[in-house]
Number of protein chains: 2
Amino acid sequence: MKPATLKDIAEHLGISVTTVSKALKDYPDVSKKTKALVKELAQTLNYKPNAFAVNLRMETSNTIGLIIPEIVHHFFSSVIKGIISQAEKKGYLVIILQSNESYELEKKQIDLLMSKRVDGILISLANGTADFKHLNDVIEQGKPLVMFDKIAKLVNCSKVIIDDRKAAYNATQHLIDTGCKRIAHFRGPLLPQNSIDRFLGYKKALEDNGMSYDPSLVYIFDNMTFEVGEMFAQKILREHPDVDGIFVNTDLVAIGAITEFNRNGVKIPEDISIVGFSNWFMSSAITPSLTTIDQPGFEMGKMAFKQLFKELKAKKKKKPIVPKIIELETSLVKRDSTK
Amino acid sequence: MKPATLKDIAEHLGISVTTVSKALKDYPDVSKKTKALVKELAQTLNYKPNAFAVNLRMETSNTIGLIIPEIVHHFFSSVIKGIISQAEKKGYLVIILQSNESYELEKKQIDLLMSKRVDGILISLANGTADFKHLNDVIEQGKPLVMFDKIAKLVNCSKVIIDDRKAAYNATQHLIDTGCKRIAHFRGPLLPQNSIDRFLGYKKALEDNGMSYDPSLVYIFDNMTFEVGEMFAQKILREHPDVDGIFVNTDLVAIGAITEFNRNGVKIPEDISIVGFSNWFMSSAITPSLTTIDQPGFEMGKMAFKQLFKELKAKKKKKPIVPKIIELETSLVKRDSTK
DNA sequence: CTGAAAGCGCTTACAG
DNA sequence: CTGAAAGCGCTTACAG
């Protein structure tokens, strides 16, 4: 059986489609009696407006697109949760796409979302994205776009971020304050802005404290995995036995390193102190528990949607969209991996 | 500037909308010359069919809905990834909703997806779901529905599952084979089918081996967290110091328990052996590494979408949908938490 | 207070 | 090979 339409209701009641439509939406110029009749019949017929028709007519679908580099990742899945929960409150649905850290895929997905005519787009960039035309196209076509976490400074849209540089500075400063003299940095990939900023924060802290910056102490790797942490911990022991502190780009890698150090009888924090980044829930669980920077994923998702929602509303009112940078607070969580 | 429409192209070229539409879709009854002209102009105007109009006309949107109890969860986010990756291959988009393990929310979300007229629905049930009317309604309305992981046996739709009972049986048997005499079970919540089945597998293994089943050794809890694992490990030490093996419903809880046992100087596996469930990537990382049941999340998501896709195709061809149960293989991964 | 009519942008059966 | 016409189901400016 096909779903009921306005026409069905109109015919049943012997009135016009126009009146039925208005009655259901409580237009003031429909009599109470008619409204009551229409609403009752709509109820019994289980009438639901055909979303496809409404979309076409209204040129909007109350659906947004979300592109994220990797779903299976505690931080990102927290962000997704924040976005979805906030979107649901405002009556928006979220289509999720995963770029797999690939610029090519990301570009295609932007195209796909545009052709599906989502109302707006939320994105965290792939590590490989260095060209931003696909994003500028979105903005040019007047479609609200909000970036979060992995952003491009050169794209003129709203962004929800943390101050990676400051957070990294604080993390490194904490290592220095607790007596570390030779501090390495597990940096991660080269391109993404937050990777760059965390590195710069690390470097600045060293300089401000009169410690020399040694490029050979900065370790670069593409995959942020537990195994990478193990591997680079070994590398540190081999290449730089004098290192007594490490600032690691992300908790998962830091935990891999801790596991490897534990295995090799390296004492944490006595021999080597470690600070991570993100405050993944496992960080408080391992031994020793990991000092880290708390990075509010759920909150970031929530704020990203909130900002997008504001822009969606502005657009509806034909008001100009004013890009905004929203910076969320981070904090250093001191645990047992530092003195 | 508004996006180009068929009409724009038709007017530019002085031909009809019909012909433009056919040309773009390579209908055989349009001349090569016309096709070439149309396609070229479409290209330069950056023509993209208006998805809203196509949806309305075709009564389909190539979009499916996914309802999942909790996104921030390694197993579920792997499933999501499997679903999305497969959907993308087939040209489908996925709207994701999170039920927060709430039956009420789940019901509302089903309603929402139905009113948005998604082509099909993928769902893993909330722990609280005991009434299935909302799901049967979906089926009655002829909308393809596939359940995965947390299913309801009573709903007549396709399901992608593992044999939880068998897997749990094997896990318990392994504890018995390695010499455990008094085996506890961290069961998790009461309602979900997989929780029930894992419990039944545990019980059956005990019985088949002539070991008495002791209900006081079965621990029930609603939240599957690391902390719950720590708490119940303590409880075991207090209430049942004679326990020498535990089969835990899920790795995260097992890892919490291991951490607590380590803290208390309980030797694993010498004093207590532990088997988990799911093969979370941290299971191989902790010390001792965790023996567990490998539960293929990504694969499950992939298969769930594949089955839904089959039903979507069947529906298009007006063929009847025949519900299918797809059972994925699990395996016991032996590590250091058992002898 | 009610309704006829136009239109959103597409697809396709049908006529020529 | 081409096109006029109907129709998907809704919304809303306009007339009465």
Side-chain angles (χ1 to χ4, degrees), chain A residues 1-39 41-42 45-63 91 114-119 141 316 318, chain B residues 1-39 41-42 45-63 91 114-119 141 316 318:
Chain A
M1 213 200 71
K2 281 201 151 194
T5 65
L6 289 183
K7 203 176 157 198
D8 295 334
I9 298 178
E11 283 173 358
H12 264 266
L13 255 32
I15 59 178
S16 77
V17 166
T18 305
T19 303
V20 174
S21 174
K22 285 183 185 168
L24 286 172
K25 308 175 82 188
D26 262 330
Y27 271 48
D29 64 347
V30 178
S31 74
K32 279 197 177 171
K33 206 178 127 193
T34 309
K35 275 185 192 171
L37 280 170
V38 168
K39 284 180 182 174
L41 186 57
L45 290 182
N46 192 24
Y47 171 78
K48 300 263 174 61
N50 182 320
F52 298 154
V54 176
N55 292 349
L56 175 59
R57 187 53 229 252
M58 308 302 278
E59 291 185 313
T60 171
S61 60
N62 280 23
T63 302
M114 290 302 282
S115 80
K116 282 285 177 171
R117 283 172 158 75
V118 292
D119 295 348
Q141 285 174 54
K316 260 182 210 160
K318 313 262 180 202
Chain B
M1 211 198 75
K2 279 204 150 191
T5 65
L6 290 183
K7 203 176 157 199
D8 294 334
I9 298 178
E11 282 173 359
H12 264 266
L13 255 32
I15 58 177
S16 76
V17 167
T18 306
T19 303
V20 175
S21 174
K22 285 183 185 169
L24 286 172
K25 308 175 82 187
D26 261 331
Y27 272 49
D29 63 348
V30 177
S31 75
K32 278 196 177 170
K33 205 178 128 196
T34 309
K35 275 186 192 172
L37 281 171
V38 168
K39 284 180 182 175
L41 186 58
L45 291 181
N46 192 23
Y47 170 78
K48 300 264 173 62
N50 182 321
F52 299 154
V54 176
N55 291 350
L56 175 60
R57 187 51 229 251
M58 308 303 277
E59 291 186 313
T60 171
S61 59
N62 281 22
T63 301
M114 290 302 282
S115 80
K116 283 284 178 172
R117 283 174 159 74
V118 292
D119 295 349
Q141 286 173 54
K316 260 183 210 160
K318 311 264 181 199

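Order of the sequence lines fixes the chain letters, A, B, ..., with proteins taken first and strands second; residue numbering starts at 1 for each chain.
A/Val30 and A/Lys35 make their closest contact through O-CE, 3.6 Å (heavy atoms, listed as atom of the first residue, atom of the second, distance). The nearest pair of heavy atoms linking A/Phe52 to B/Glu59 is CE1-C, 3.8 Å.
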* Test B/Thr34 against B/Lys22 for side chain to side chain contact (heavy atoms under 4.5 Å, CB included), laying out the working first. => CA-CA 10 Å; B/Thr34 309; B/Lys22 285 183 185 169; over 6 Å; no

* Full working for side chain to side chain contact (heavy atoms under 4.5 Å, CB included) between B/Glu11 and B/Thr5 -> CA-CA 10 Å; B/Glu11 282 173 359; B/Thr5 65; over 6 Å; no

* To do: Any chance you could lay out the side chain to side chain contact (heavy atoms under 4.5 Å, CB included) test for B/Leu13 and B/Val38, step after step, and finish with the verdict?
  => CA-CA 8 Å; B/Leu13 255 32; B/Val38 168; 3.8 Å; yes

* Structure fact -> Dot-bracket assigned to DNA chain C with the 3.5 Å Watson-Crick/G-U criterion, [ ] for crossing and | for other-strand pairs, is |||.||||||||.|||

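For A/Ser16, whose side chain is taken as the heavy atoms from C-beta onward, the closest listed nucleotide among C/dG3, C/dG9, C/dT12 is C/dG3. Of the candidates D/dG3, D/dT2, D/dA13, the closest approach to any side-chain atom of A/Thr18 belongs to D/dA13. Residue B/Thr5 has its side chain nearest to C/dC10 when only D/dA13, C/dC10, D/dG9 are considered. Comparing D/dC10, C/dC10, D/dC14 against the side chain of A/Ala53 picks out D/dC10 as the nearest. Minimum atom distance to the side chain of A/Lys22 is reached by D/dA13, of the listed C/dG9, D/dA13, C/dT12. For A/Lys2, counting side-chain heavy atoms from C-beta on, the closest listed nucleotide (D/dT12, C/dT12, D/dG9) is D/dG9. Taking the side chain of A/Tyr27 as heavy atoms from C-beta on, and the options D/dG9, D/dC1, D/dT12, the nearest nucleotide is D/dT12. Minimum atom distance to the side chain of A/Thr19 is reached by C/dT2, of the listed C/dT2, D/dC10, D/dT2.
Going from atom CZ of A/Arg117 over to atom P of C/dC10 covers 7 Å, rounded to whole Å. If you measure from atom CD of A/Glu11 to atom C1' of C/dT2, you get 17 Å, rounded to the nearest angstrom. The interatomic distance linking A/Lys48 (NZ) with D/dC8 (P) rounds to 21 Å, in whole Å. The distance from atom CD1 of B/Ile15 to atom C1' of D/dA4 is 14 Å, rounded to the nearest whole Å. Per the geometry, CG belonging to A/Leu24 stands 16 Å off P belonging to D/dG9, to the nearest Å. Distance, A/Asn50 CG to D/dC8 P: 11 Å, rounded to whole Å. The nearest whole Å value for the distance from the CG atom in A/Leu56 to the P atom in C/dC8 is 9 Å. Between B/Tyr47 atom OH and C/dG9 atom P there is a gap of 10 Å when expressed in whole angstrom units.
Within the structure, a side-chain polar atom (N or O) of B/Lys25 is placed less than 4.0 Å from OP1 or OP2 of C/dT12. One finds no side-chain N or O of B/Thr34 lying less than 4.0 angstrom from the OP1 or OP2 phosphate oxygen of D/dC1.
Although no hydrogens or angles enter the test, the distance criterion places a donor-acceptor pair under 3.5 Å between the side chain of B/Thr63 and the main chain of B/Ser61.
With sequence neighbours excluded, no residue forms a side chain to side chain donor-acceptor pair (under 3.5 Å) with B/Ser115.
Residue B/Lys32 is the one, among A/Asp29 and B/Lys32, whose nearest nucleotide of DNA chain D lies closer to the 5' end (criterion: closest heavy atom).
Tested against B/Tyr47, the residues B/Leu41, B/Leu6, B/Asp8 include a single side chain to side chain contact (heavy atoms under 4.5 Å, CB included) partner, B/Leu6.
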